[in-house]
Each structure stands twice: as C-alpha cells, then as structure tokens.
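Report on the structure given below.
Every number for a ligand or one of its atoms is a count from 1 in the order of the listing. Basis for what follows: all heavy atoms, side chains included, without hydrogens, waters or symmetry-related copies.
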Amino acid sequence: MKLIIINGPNLNLLGTREPEIYGNISFENYLETLKSTYKHNVELYYYQSNIEGEIINKLHEINALKEQKFDGIILNGGAYSHTSIAISDAIASIKIKVIEVHISNVFAREEFRHISLFSKNCIGTIIGFGLKSYDLAIEYFLKNE
Ligand code: DQA
C-alpha cells in the first residue's frame, strides 16, 4: 500500500512548537517510527508546506499520477483546515481518498478551531490522539484495502 502524509503550516516546527499542545517529538523523528512500524505493508511518503498553493499543487500532482498511484492521503492542514476553501475544493476534486487528521483535540480549544472546511470532503477525520492520530489513519487504510 502506498500512502502519503501531507502536513500544512507550522507542522514543520513540531517538537519545539507549543510542546504542551503538540508534544516534543519532531515530525521527522516520528516519521521514522511510523516507517519502521509499517515497513512491511506501507510505502510511506511525506510532504510538508507552509504555503496553501503548494499543498493544492501536491494534491493535484498525486492525483495525476498514472502509475504507482497512491492508495490514500493523510492530511493535517493545520490552520488551513479552518480557513481554506481552496484546499477543501482540491480535496473534493481528486479521486484519491483523504483522511483529515489533527494532533490536538481541536474541540477542546478555541472556537475557530471547531470548524473544518475539509471534513465534508474527506472520508473521515481523526482528531486529538496526538501523533497517534497518524497511526490510526494508516490503520484505517490498511484495514480497508
Ligand atoms: C492542528 C490544529 C490546528 O487548529 C492548528 O492550527 C494546527 C495543528 C493539529 O494537528 O492539532 O496547526 O491541525
């Protein structure tokens, strides 16, 4: 199975950014753990951008692959999840299934984080399990191959 994790703005700072909310492990470190956990059954790719249009371009690029297609996308859009109609439209425009993830429990935080413009275009949303949210998304794809 071939999956890609796409992280949006400020998620490159995981490990040092507000560690009381997001923990103190960098995503690069966590990615190594994920890759080794799933090394027998998942080819796992990773992309991070702080730029809205780059995230959209990446979604289009993945969708346009004719060979070695991806089986799923795990998307943490960061703050763009609450604001970006453009990324939401991109998710709706592609054929590959997208799971939305959030590390923190956005519903226990400020009200502006309670709305996601992405959710209705995703197959599901996993929220609030820390970095384990990404594991849960991978598990879903594996169990629904
Ligand atoms: C986040 C939650 C968002 O509200 C926030 O802007 C982020 C991270 C999360 O993973 O908990 O950047 O998506």
Is any side-chain heavy atom of Leu59 less than 4.5 Å from a side-chain heavy atom of Ile87?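 Leu59 reaches Ile87 side chain to side chain.
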
Taking the side chain as everything from C-beta on, heavy atoms only, tell me whether Tyr134 gets closer than 4.5 Å to Ile74.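 A side-chain contact exists here, since the closest heavy-atom pair is under 4.5 Å.
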
Any idea which part of Val106 is under 4.0 Å from ligand 1, heavy-atom wise: side chain, backbone, both or neither?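 The answer is the side chain of Val106.
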
With heavy atoms under 4.0 Å as the rule, classify the contact between Arg17 and ligand 1 as side chain, backbone, both or neither.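 The answer is the side chain of Arg17.
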
Heavy-atom nearest neighbour in the protein, as seen from [atom], with distance rounded to 0.1 Å:
atom: atom 5 (C) of ligand 1; value: Arg113 NH1, 3.3 Å
atom: atom 1 (C) of ligand 1; value: His102 ND1, 3.6 Å
atom: atom 9 (C) of ligand 1; value: Ile103 N, 3.3 Å
atom: atom 11 (O) of ligand 1; value: Ser104 OG, 2.6 Å
atom: atom 3 (C) of ligand 1; value: His82 NE2, 3.4 Å
atom: atom 8 (C) of ligand 1; value: Tyr22 OH, 3.4 Å

Check Gly8 against Ile55 and note the closest heavy-atom contact, atom names and distance.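 So the two residues come closest at CA-CD1, 3.8 Å.
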
For Ile123 and Phe141, which heavy atoms make the closest approach, and how far apart are they?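 In terms of heavy atoms, the two residues are closest at CD1-CE2, 4.1 Å.
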
Within 6.0 angstrom of Lys2 NZ, more than 12 heavy atoms from elsewhere: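 Enclosed.
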
To the nearest 0.5 Å, what is the distance between OG (Ser88) and CZ (Phe118)?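 Answer for the OG-CZ pair, Ser88 versus Phe118, is 6.5 Å.
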
Is there a heavy atom in Asn76 that sits closer than 4.0 Å to ligand 1?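 Distance cut 4.0 Å: Asn76 passes for ligand 1.
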
So among Ile99, Leu75, Ile91, which one has a side chain to side chain contact (heavy atoms under 4.5 Å, CB included) with Cys122?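 Answer after filtering Ile99, Leu75, Ile91: Ile91.
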
Based purely on interatomic distance, does Leu11 place a nitrogen or oxygen under 3.5 Å from a nitrogen or oxygen of ligand 1?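 No: no nitrogen or oxygen of Leu11 is under 3.5 Å from one in ligand 1.
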
